[in-house]
Amino acid sequence: MNGYSCDLLKNEITFFQNQIQSCCSSQLGPVYYSDYKGENIDVQRILDIKKDAFEKMKNGDVPKNCQGCFNLKPFDDKDFQAKFSRLIISHWVHCNCSCVYCARNEFSDGKVTRTPKNSDYYNMLPIIRKMYQNDLLTTDNDLFVDFQGGDISVLAEFDDIIRELMAHNVGYIRFTTNNIIYQPLIAELFKQGKAELMTSLDCGCRETYLKLKRVDKFDDAVENLRKYKQACKNAYIFVKYITVKGINDNVDEVNKFLDLMFEIGIPTVSFEIDYRDIMMNPSKRFDIPRHYYDLLEIFKKRCDENNVQLTLFTHTENVLKQGWFGEN
C-alpha cells in the first residue's frame, strides 16, 4: 500500500483557544489536546501522537482527521523529526474590531476589546519557554511563527512573546492583524528581514470598511500601512481582499482597493473567499459564485500591469479550481 506524507504534521503545531493540534488547515488533523485549558503540557504525549500519525501515514493508513486533506502527498521517505519548525499561535479570540466574516465570532460573540488583556483561555509565553527548554522548537534562525487568533494589538503578552522568540533567534514571523494599531516591534523585525504583516483590508473606502469590520477604523488601518512602509521601504506587507457576498463583491470596490494598494506601494495582495458558508455547513456543497472569477480576473490583470504580486492561498486556489467545496 502506498504511504503518505504531510509537511504540516512533520513541522507544525497549532495552539487554539481550546485545543492543541498538528495544523490549522481545513482538516482537523491529529489532536494533541482536545480540551486544553492551559495545563502543563506533556511533551512525550505530543511526540507519541505525532509519531503514531506519521507511522500510520507512512504505511498508507491515513488518520480519520486527515482524510481528504489537500496537504497529503506521496510518502517522501524522510525520517520522523521531533522538533517543530512552525508554531501557530491562535490561543486568544478577543479583538478590537468585529469582522462580519470572522470565524471566531462564535467564541467572541462579536464583542470589541479596546484595551490589551490576556487571553481568556491561557497564556502562551510559559508554553513557549517550556517548548524551548524541552527542545521542541527549532532554533538557529529556523523557526517560523504565525500569529492568528484575535488581534495582536489587544493581546497583553504580545510584546513579551516577541522578545522571547527574538532571544532564541526566531527565523521569521507572520503577523496576521487588522492593523488598526501600529506595532514598533514589527517595524524592528521588518528591518531585520524577519517579518511579514498580513492584514485584511477588503475594500477601498471607509463606508465599506465599516460594513465589513463594524468599527470606524479605515483611516487608521491605511495610515499604519504607510507608516510601516516609511519605517522600512522593503517591509513585506501582504493585504488580503476577502470577498463577501452583497458587500464588496463588485467591480467598483475591487478597483478602489487596488488603486489604494498601488498608491501605497503594497508589494503583495491576495484574493480570498468568505468561508462562512463552508464552515457553518461543512457537509453541504457550496458553489463558488460565477462573478467571483470575474473579480479575480481584474486582480490578475491590474496586478500584472502594476508589477504587484497576486497570491492565492493554496486552499483557496484549490477551491477555486474545483469550483465548489463540501460534499459533492
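- When the shell of 6.0 Å around CZ of R45 is examined, it contains more than 12 heavy atoms from other residues, nucleotides or ligands.
- Applying the ring-ring contact (aromatic ring centres under 6.0 Å, His included) rule to F16 yields no partners; only residues at least two apart in sequence or on another chain are considered.
- Within a 6.0 Å radius of CG in N307, no more than 12 heavy atoms belonging to other residues, nucleotides or ligands are found.
- E39 meets the side-chain contact (heavy atoms from CB on, under 4.5 Å) test with Y33, Y36, K37; sequence neighbours excluded.
- At least one donor-acceptor pair closer than 3.5 Å links the side chain of S119 to the backbone N or O of H91.
- In terms of heavy atoms, V31 sits closest to I49 at O-CD1, 3.7 Å.
- Partners of K51 according to the salt bridge (Lys or Arg N to Asp or Glu O under 4.0 Å) rule, which considers only residues two or more places apart in sequence or in another chain, do not exist here.
- Hydrophobic clustering places F54 together with I20 (ILVMFWY residues linked when any side-chain heavy atoms are closer than 4.5 Å, directly or through intermediates).
- F158 and F175 have perpendicular rings, their planes meeting at more than 60° on a 0 to 90° scale where under 30° would count as parallel.
- In this structure, N248 and F257 have side chains that are not in contact, with every pair of non-hydrogen atoms separated by 4.5 Å or more.
- The distance from atom CD1 of I13 to atom CG of L136, rounded to the nearest 0.5 Å, is 7.0 Å.
- When atom types are taken as modelled, the side chain of S22 and the backbone of P30 share a donor-acceptor pair closer than 3.5 angstrom.
- The backbone N or O of V62 lies less than 3.5 Å from a partner atom in the side chain of Q67, making a donor-acceptor pair.
- A heavy-atom distance below 4.5 Å is found between the side chains of Y132 and L165.
- Formation of a donor-acceptor pair under 3.5 Å by the R86 side chain with backbone atoms of N11 is not found in this model.
- Going from atom NZ of K256 over to atom SG of C203 covers 8.5 Å, rounded to the nearest 0.5 Å.
- Formation of a donor-acceptor pair under 3.5 Å by the Q21 side chain with backbone atoms of C23 is found in this model.
- Taking the side chain as every heavy atom from C-beta outward, I247 and E253 never approach each other to under 4.5 Å.
- Shown here is K56, whose NZ atom has no more than 12 heavy atoms of other residues, nucleotides or ligands within 6.0 Å.
- Between I273 and L320 there is a side-chain heavy-atom pair separated by less than 4.5 Å.
- Cluster partners of I88 are absent, since no Ile, Leu, Val, Met, Phe, Trp or Tyr has side-chain heavy atoms less than 4.5 Å from it.
- The salt bridge (Lys or Arg N to Asp or Glu O under 4.0 Å) pairs that include a residue from residues 112-125 are K117-D120, where partners are two or more places apart or lie in different chains.
- Side-chain contact check for F84 versus I46: some heavy-atom pair is nearer than 4.5 Å.
- Atom SG in C232 sits 10.5 Å away from atom CG in L189 (nearest 0.5 Å).
- Residues forming a side-chain contact (heavy atoms from CB on, under 4.5 Å) with N141 (at least two apart in sequence, or on another chain): N169, K194.
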**Request:** Could you walk me through whether N318 and Q322 pass side-chain hydrogen bond (donor to acceptor under 3.5 Å, both in side chains), step by step?
**Result:** CA-CA 6 Å; N318 286 327; Q322 185 171 264; over 6 Å; no
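- Under a 3.5 Å cut-off, the side chain of D202 and the backbone N or O of I242 do form a donor-acceptor pair.
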**Message:** Using the rule given for side-chain contact (heavy atoms from CB on, under 4.5 Å), can you reason through V239 versus I264, listing the C-alpha separation, both sets of side-chain angles and the distance that settles it, and then say yes or no?
**Reply:** CA-CA 11 Å; V239 184; I264 295 174; over 6 Å; no
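- Here the CG-CH2 distance, from L155 to W92, works out to 5.0 Å after rounding to the nearest 0.5 Å.
- Taking the ring centre of F218 as origin, the terminal cationic atom of K213 falls outside the region bounded by 6.0 Å and 45° from the ring axis.
- Contact check for D151 versus I180: no side-chain heavy atoms found under the 4.5 Å cut-off.
- Here K300 does not pair with D304 in a salt bridge; the nearest charged N to carboxylate O distance is not below 4.0 Å.
- L87 and M198 end up in different hydrophobic clusters when Ile, Leu, Val, Met, Phe, Trp and Tyr side chains are linked at under 4.5 Å.
- Applying the side-chain contact (heavy atoms from CB on, under 4.5 Å) test to T115 and every residue at least two apart in sequence or in another chain returns nothing.
- Applying the side chain to side chain donor-acceptor pair (under 3.5 Å) test to residues at least two apart or on different chains, the pairs with a partner in residues 222-232 are R226-E263.
- One hydrophobic cluster holds both M166 and F190 under the rule that ILVMFWY side chains link at heavy-atom gaps under 4.5 Å.
- A salt bridge does not link K191 with E188: every distance from a Lys NZ or Arg NE/NH1/NH2 to an Asp or Glu carboxylate oxygen is 4.0 Å or more.
- Pairing each heavy atom of F299 with each of S270, the nearest pair is CE2-O, 4.1 Å.
- Taking the six-membered ring where the residue is Trp, the centroids of F15 and Y121 are separated by 6.0 Å or more.
- One hydrophobic cluster holds both Y292 and V319 under the rule that ILVMFWY side chains link at heavy-atom gaps under 4.5 Å.
- If you take CG on L197 and CG on L225, they are separated by 7.5 Å, rounding to the nearest 0.5 Å.
- With hydrogens and angles disregarded, a donor-acceptor distance shorter than 3.5 Å links the side chain of Y172 to the backbone of A195.
- Around atom CZ of F147, more than 12 heavy atoms belonging to other residues, nucleotides or ligands sit under 6.0 Å away.
- Contact record, A187 with Y182: CB-OH, 3.3 Å, taken as the closest heavy-atom pair.
- N255 is linked by a side-chain contact (heavy atoms from CB on, under 4.5 Å) to V251, I298, R302, counting only residues two or more places apart in sequence or in another chain.
- D249 places no side-chain N or O within 3.5 Å of a backbone atom of T243 that could act as its donor or acceptor partner.
- Applying the side chain to side chain donor-acceptor pair (under 3.5 Å) rule to pairs touching residues 231-241 yields Y236-T268, sequence neighbours excluded.
- Criterion: ILVMFWY side-chain heavy atoms under 4.5 Å apart, direct or through other members. Under it, F313 and I288 are not part of a common hydrophobic cluster.
- The shortest non-hydrogen separation linking S153 to N96 is OG-ND2, 3.1 Å.
- Between M261 and V308 the shortest side-chain heavy-atom distance does not fall below 4.5 Å.
- When all heavy atoms of C66 and L72 are compared, the pair lying nearest together is O-CD1, 3.5 Å.
- Within the structure, the salt bridge (Lys or Arg N to Asp or Glu O under 4.0 Å) test picks out the following pairs touching residues 139-149 (sequence neighbours left out): D146-R174.
- Within the structure, salt bridge (Lys or Arg N to Asp or Glu O under 4.0 Å) pairs that include any residue of residues 153-166 comprise R129-E164 (at least two apart or interchain).
- Residues M124 and I161 share a closest heavy-atom pair of CB-CD1, 3.9 Å.
- For the atom pair OG1 of T138 and NZ of K83, the computed distance is 7.0 Å after rounding to the nearest 0.5 Å.
- Within 6.0 Å of atom NZ in K50, more than 12 heavy atoms from other residues, nucleotides or ligands are found, so the atom counts as buried in its surroundings.
- At a threshold of 4.5 Å between non-hydrogen side-chain atoms, the residues N123 and L125 do not count as touching.
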